[in-house]
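What follows is a single structure, written as structure tokens, with notes after it.
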Amino acid sequence: MDLMYTSTRSADIKVTASQAILKGLSPDGGLFVPEQFPTLEVSLPELAGMSYQETAYAVMKQFLTDYTEEELKECIRRAYDDKFDTEEIAPLTEAGGVHYLELFHGATIAFKDMALSILPYLMTTAAKKNHETREIVILTATSGDTGKAALAGFADVPGTRIIVFYPKNGVSPVQEKQMVTQKGANTCVIGIHGNFDDAQTGVKRLFSDKALEAELSSEGFCFSSANSINIGRLVPQIVYYVYAYGRLLSQGTLSVGDPMNVVVPTGNFGNILAAFYAKNMGLPIGKLICASNENKVLYDFFQTGVYDRNRDFILTSSPSMDILISSNLERLIYHACGKDAARNAALMRELTQKGRYEVTGDMAAAMCDFAGGYATEEQTAAEIRRVYEQCGYVLDTHTAVASSVYHTGFAEKSNGVPAVIASTASPYKFARSVMSAIDSRYQSMDDFALIDELHKIAGTKIPRAIEEIRTAPVLHDTVIEKEEMEAAVKRFLLR
């Protein structure tokens, strides 16, 4: 029996995994979720000896049941290859008594590569399986990392085009240059005057515009998403938590059945939700620690049960977490309210209309595995400096948020349970913030001089992704108002 997917907002919608990946977003505006959590079929002792690719197949075959073994293994083979700069794909590095799960060794040096390396293959396979003859248009909003990872994954993939919207002044210089220098005749990158939430809201509006859908369909196009709202983004992220557990077993840090805690720097809530899915597959995860920066809407939610985006939006040194509307939280809310789609839909309407909603006591109890913490800008910088001075290990700003939250709020009460901190980006991607945190004398240097200096003090190789953009020409220079997103999409597609 195939595992079917339903919408978080309507119990009547049921699709296969490949259909959910192809659609990206449910027609009712909800997100696709599996009707039930599958069980991890391999035993925990077996995980200790499995490669990343083998772990990926063991996890993904349970969720993507309408893909054949041959199809899924081919997608995995093509995704997790030499585009990663380590054979392990996701190394687990111990520093200062915690384990940093390095998810930044892919083509764009951010954790989004872990899912966006495979999504184009899952999607084009899904198109063939479902006899989709229209060209797939990937429509994505980014807070900095998803955009480049999606662009790199879909560039020049036959039968696809990709349009990425990003907040013009809300990403790091390296993140922006990675996007605006992207090659590929099927790629389009557009800056907007606004923040990430404006971009994400605009993209969701385009997805739900039936008139636009009909117009573009008549021209041979259909929309899909590479954001973590797409279940094809979420499922591959489950893999690395299962892999991390296997590595801890193989190292002798864990015995079979022992729990591990997971600490995740969190913005759109997809990465930590993947850990929640892994736990529900049977992986022994203890606490799911949700780390926020000064945009602490999620911290406040886990403290009070009230989700309230009616607050100032703060630009921080960890821009991929500068988010006030965490889209994937809707999936957790759906599970917390007992898979009651109508109840969930009502809460999402409140969020749209009032900018807030409040969960009930029973829903809060259903989310008891989660805990929240946040780090200020000063604490984030201090953590980068502390870890470097004590361990010689350099964290990026996002990972530093998670590390600070863990060490200040959870380490002492962990009772010996090892912590895995999701290290979501290379420090080279945020060299100015990282180097300034280590020593203020670096502040006067230009971005690429800082990268060279980081290479010297960290003793790590400058990633290929950074070297490629040093002299790369800008190919995308469009900047628009947020109200002009539909017109910009039409210009690109109907030119």
Side-chain angles (χ1 to χ4, degrees), residues 5 7 9-10 13 15-32 116 119-142 146-147 149-166 179 182 184-192 194 196 198-233 327 352 475-495:
Y5 288 77
S7 169
R9 301 187 190 182
S10 173
I13 295 176
V15 296
T16 63
S18 64
Q19 288 168 339
I21 289 171
L22 204 53
K23 291 175 183 293
L25 192 67
S26 176
D28 60 1
L31 308 185
F32 287 115
L116 284 162
L119 183 61
Y121 302 112
L122 294 175
M123 194 169 285
T124 51
T125 302
K128 292 174 187 172
K129 295 174 77 69
N130 291 280
H131 313 292
E132 178 56 75
T133 58
R134 293 171 297 175
E135 197 167 5
I136 300 167
V137 179
I138 306 300
L139 200 60
T140 291
T142 185
T146 287
L151 289 161
F154 282 93
D156 292 324
V157 171
T160 69
R161 296 198 199 184
I162 177 165
I163 304 171
V164 170
F165 293 98
Y166 74 96
M179 288 188 284
Q182 176 66 49
N186 67 333
T187 66
C188 177
V189 180
I190 300 171
I192 68 160
F196 169 73
D198 296 323
Q200 181 168 250
T201 299
V203 164
K204 286 185 175 180
R205 189 179 300 116
L206 294 174
F207 267 106
S208 61
D209 188 328
K210 299 302 180 186
L212 179 63
E213 179 184 11
E215 180 182 355
L216 293 181
S217 181
S218 69
E219 297 287 344
F221 299 109
C222 65
F223 282 151
S224 190
S225 175
N227 276 79
S228 53
I229 56 176
N230 192 317
I231 197 71
R233 271 281 305 277
S327 288
T352 300
L475 302 175
H476 307 271
D477 58 4
T478 302
V479 181
I480 63 171
E481 301 300 326
K482 59 188 179 183
E483 296 82 11
E484 299 171 330
M485 291 171 66
E486 180 178 338
V489 167
K490 287 182 179 179
R491 277 196 302 273
F492 177 63
L493 297 179
L494 306 178
R495 58 189 175 185

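- Here the straight-line distance linking atom CD1 of Ile231 with atom CD1 of Ile21 works out to 8.0 Å at 0.5 Å rounding.
- Taking the side chain as every heavy atom from C-beta outward, Leu493 and Glu219 never approach each other to under 4.5 Å.
- Side-chain atoms of Asp28 come within 3.5 Å of backbone N or O of Gly30 as a donor-acceptor pair.
- Annotation for Ser18 and Ala126: closest pair O-CB, 3.4 Å, computed over non-hydrogen atoms.
- Taking all atoms of both residues into account, the shortest heavy-atom contact from Gln182 to Ala155 is NE2-CB, 3.6 Å.
- Taking Arg134 as the reference, Glu132 meet the salt bridge (Lys or Arg N to Asp or Glu O under 4.0 Å) condition, with sequence neighbours excluded.
- The main-chain N or O of Ser224 is never found under 3.5 Å from a side-chain atom of Asn230 such that the two would form a donor-acceptor pair.
- Among all heavy-atom pairs drawn from Ala150 and Leu116, the shortest one is N-CD1, 3.5 Å.
- With contacts defined as side-chain heavy-atom distances shorter than 4.5 Å, the pair Val164/Ile138 does not qualify.
- Inter-residue side-chain proximity for Ile162 and Cys188 is flagged as unmet; no heavy-atom pair is nearer than 4.5 Å.
- Residues Phe165 and Ile480 meet the side-chain proximity criterion, which asks for heavy atoms closer than 4.5 Å.
- Partners of Thr125 by side-chain contact (heavy atoms from CB on, under 4.5 Å), not counting sequence neighbours, listed by chain and number: Tyr67, Glu71, Cys75, Lys129.
- Thr160 places a side-chain N or O within 3.5 Å of a backbone atom of Val157 that can act as its donor or acceptor partner.
- Considering every non-hydrogen atom in both Ser225 and Leu119, the closest pair reads O-CD2, 4.1 Å.
- Residues Met179 and His476 form no side-chain contact, since every pair of their non-hydrogen atoms from C-beta on lies 4.5 Å or further apart.
- When atom types are taken as modelled, the side chain of Asn227 and the backbone of Thr142 share no donor-acceptor pair closer than 3.5 angstrom.
- To the nearest 0.5 angstrom, Ser7 atom OG is 7.5 Å from Leu31 atom CG.
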>> Does Ser327 form a side-chain contact (heavy atoms from CB on, under 4.5 Å) with Gln200? I'd like the steps, not just the answer.
In response: CA-CA 9 Å; Ser327 288; Gln200 181 168 250; 3.1 Å; yes

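- Looking only at distances, no side-chain donor or acceptor of Arg161 sits under 3.5 Å from a matching main-chain atom of Val137.
- Closest of all the heavy-atom pairs between Ile13 and Phe32 is CG2-CE2, 4.0 Å.
- Within 6.0 Å of atom NZ in Lys23, 12 or fewer heavy atoms from other residues, nucleotides or ligands are found, so the atom counts as exposed in its surroundings.
- For Glu215, the salt bridge (Lys or Arg N to Asp or Glu O under 4.0 Å) criterion is met by Lys490, not counting sequence neighbours.
- Although no hydrogens or angles enter the test, the distance criterion places no donor-acceptor pair under 3.5 Å between the side chain of Thr146 and the main chain of Ala141.
- Each of Ile190, Leu139, Val203 was scored for a side chain to side chain contact (heavy atoms under 4.5 Å, CB included) with Val489, with one residue passing: Leu139.
- We find the CG-CG distance between Leu122 and Leu22 to be 11.5 Å, quoted to the nearest 0.5 Å.
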>> Pair Thr140, Ile163 - check side-chain contact (heavy atoms from CB on, under 4.5 Å), show working.
In response: CA-CA 6 Å; Thr140 291; Ile163 304 171; over 6 Å; no

> Between Asp198 and Lys482, does a salt bridge (charged side-chain N to carboxylate O under 4.0 Å, His left out) hold up when you go through it step by step?
Replying inline: CA-CA 7 Å; Asp198 296 323; Lys482 59 188 179 183; 3.6 Å; yes

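- In this structure a side-chain-to-backbone donor-acceptor pair under 3.5 Å is missing from Ser217 to Glu213.
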>> Show, in sequence, the C-alpha distance, side-chain angles and deciding distance for Leu216 and Leu494, and conclude whether the side-chain contact (heavy atoms from CB on, under 4.5 Å) test is met.
In response: CA-CA 9 Å; Leu216 293 181; Leu494 306 178; 4.3 Å; yes

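- Here CG of Leu212 is found 4.5 Å from CD of Glu486. Values are rounded to the nearest 0.5 Å.
- Distance check, rounded to the nearest 0.5 Å: OG1 of Thr187 to CG of Leu151 gives 6.0 Å.
- Counting all heavy atoms, side chain and backbone alike, Tyr5 lies closest to Thr16 at CD1-C, 4.1 Å.
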